[in-house]
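Because the structure is a prediction, the values reported are computed rather than measured.
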Amino acid sequence: MSRIANYCAVCGGRLIQQRHSGRDRPFCQACQQPTYFDPKVAVVIFVLRADKVLLIQRAIEPGAGKWALPAGFVDHDEAPEDAAIRETLEETGLHVTIRKLLAVFPKRDDGLADIAIAYGAEITGGGAKAGDDAAAVGFFAAGQLPPLVFYPTITLVAQWRAGELALRA
């Protein structure tokens with residue numbers, strides 16, 4: 001996702017592109033303030049039930065119609081673990097408990113996150129029902145997976161299928 005800034009958040013002056021801190025950045029000549037763009041952080045949740053992986057079908061772009069692990073953005077005042085629990089409930093109707101940090105992924109595809117933090121979780125309640133930006137929710141066996149989208153989902157599901165993903169701490 002590209003980021004654009006035309007005006008300074010400090011003084012409202014018009015920004016120009018200028019070399020600062022080793023790279024070209026939006027820079028305010030009036031108050032000498034560079035603009036830094038913070039990375040967009042998402043969480044990804046890997047859940048198994050009866051040797052089947054929990055996936056959601058994307059209702060919106062990017063990846064509309066394809067399937068992914070439940071995921072979403074971390075709010076500015078939220079712990080990543082709390083975001084993972086919230087996003088799972090919003091997208092699937094399921095309550096989960098985080099069991100393990102699985103991986104941290106850099107941006108490697110057309111997803112909107114710059115950094116994705118993946119957790120292994122266990123279902124503790126609720127009922128599977130699509131919500132938020134999910135068109136459908138399903139549990140899939142390793143040999144019956146639908147078309148997947150997003151680097152973290154594709155990587156984690158491949159590791160699971162290969163027996164390389166340890167979900168317990």
Side-chain angles (χ1 to χ4, degrees), residues 1-28 31-47 53-121 130-137 145-160 165 167:
M1 170 189 298
S2 67
R3 299 199 171 71
I4 299 170
N6 294 316
Y7 297 96
C8 179
V10 176
C11 75
R14 187 127 177 94
L15 299 174
I16 63 166
Q17 287 293 312
Q18 182 172 314
R19 194 107 181 127
H20 185 79
S21 300
R23 66 188 307 180
D24 288 339
R25 306 179 184 282
F27 189 83
C28 181
C31 71
Q32 300 296 298
Q33 283 292 315
T35 297
Y36 296 97
F37 295 113
D38 294 332
K40 198 71 178 147
V41 179
V43 288
V44 177
I45 304 85
F46 193 99
V47 176
V53 64
L54 173 65
L55 298 173
I56 60 106
Q57 185 179 37
R58 299 272 305 158
I60 61 173
E61 293 296 343
K66 293 187 178 177
W67 293 76
L69 296 168
F73 293 110
V74 178
D75 288 331
H76 77 281
D77 60 349
E78 187 176 39
E81 297 89 344
D82 294 337
I85 291 166
R86 175 184 53 77
E87 286 288 346
T88 304
L89 181 60
E90 288 175 2
E91 291 186 351
T92 71
L94 296 169
H95 296 274
V96 296
T97 297
I98 302 298
R99 294 294 181 211
K100 183 177 182 180
L101 172 66
L102 297 176
V104 177
F105 293 95
K107 184 171 185 66
R108 295 241 169 99
D109 60 22
D110 293 330
L112 301 177
D114 298 309
I115 299 168
I117 304 169
Y119 294 98
D132 196 24
D133 56 358
V137 175
L145 294 166
L148 301 176
V149 68
F150 303 131
Y151 172 67
T153 291
I154 293 166
T155 301
L156 290 170
V157 169
Q159 289 173 348
W160 168 63
L165 189 63
L167 296 176

Closest non-hydrogen atom pair, [X] against [Y]:
| X | Y | result |
| --- | --- | --- |
| R23 | R19 | CA-NH1, 3.2 Å |
| W160 | V53 | CZ3-CG1, 3.7 Å |
| A59 | A135 | CB-N, 3.7 Å |
| P70 | T92 | CG-CG2, 3.9 Å |
| G63 | V149 | CA-CG2, 4.0 Å |
| V43 | E87 | CG2-CG, 4.4 Å |

When you compare the side chain of [Y] with that of [X], does any pair of heavy atoms fall below 4.5 Å?
| X | Y | value |
| --- | --- | --- |
| I115 | K107 | no |
| N6 | L15 | no |
| L148 | V157 | yes |
| R99 | T97 | yes |
| C28 | V10 | no |
| C8 | C31 | yes |

Quiz item: Among V96, L94, L69, which residue meets the side chain to side chain contact (heavy atoms under 4.5 Å, CB included) test with L54?
Solution: L94
Exercise. Using the salt bridge (charged side-chain N to carboxylate O under 4.0 Å, His left out) rule, collect all pairs that involve residues 4-13, keeping only residues at least two apart or in two chains.
Key: none
Could you give the distance from [atom1] ([X]) to [atom2] ([Y]), rounded to the nearest 0.5 Å?
| X | Y | atom1 | atom2 | answer |
| --- | --- | --- | --- | --- |
| R25 | Q18 | CZ | CD | 11.5 Å |
| I45 | I85 | CD1 | CD1 | 9.0 Å |
| W67 | I154 | CH2 | CD1 | 15.0 Å |
| H76 | D38 | NE2 | CG | 11.5 Å |
| D132 | T88 | CG | OG1 | 11.5 Å |
| D114 | F105 | CG | CZ | 15.0 Å |

Quiz item: Is the number of heavy atoms from other residues, nucleotides or ligands within 6.0 Å of CG (D110) greater than 12?
Solution: no
Quiz item: Relative to the ring of F27, is the ring of H20 parallel (under 30°), tilted (30 to 60°) or perpendicular (over 60°)?
Solution: tilted
Quiz item: Yes or no on side chain to side chain contact (heavy atoms under 4.5 Å, CB included) for K100 and Y119, after CA distance, side-chain angles and deciding distance?
Solution: CA-CA 6 Å; K100 183 177 182 180; Y119 294 98; over 6 Å; no
Practice problem: With side chain to side chain contact (heavy atoms under 4.5 Å, CB included) as the test, would you mind laying out the steps for T155 and R108 before giving the verdict? | Solution: CA-CA 11 Å; T155 301; R108 295 241 169 99; over 6 Å; no
Can you tell me if [X] uses its side chain to pair, donor with acceptor, with the backbone of [Y] under 3.5 Å?
| X | Y | value |
| --- | --- | --- |
| R58 | P62 | yes |
| Q57 | K66 | no |
| D24 | Q17 | no |

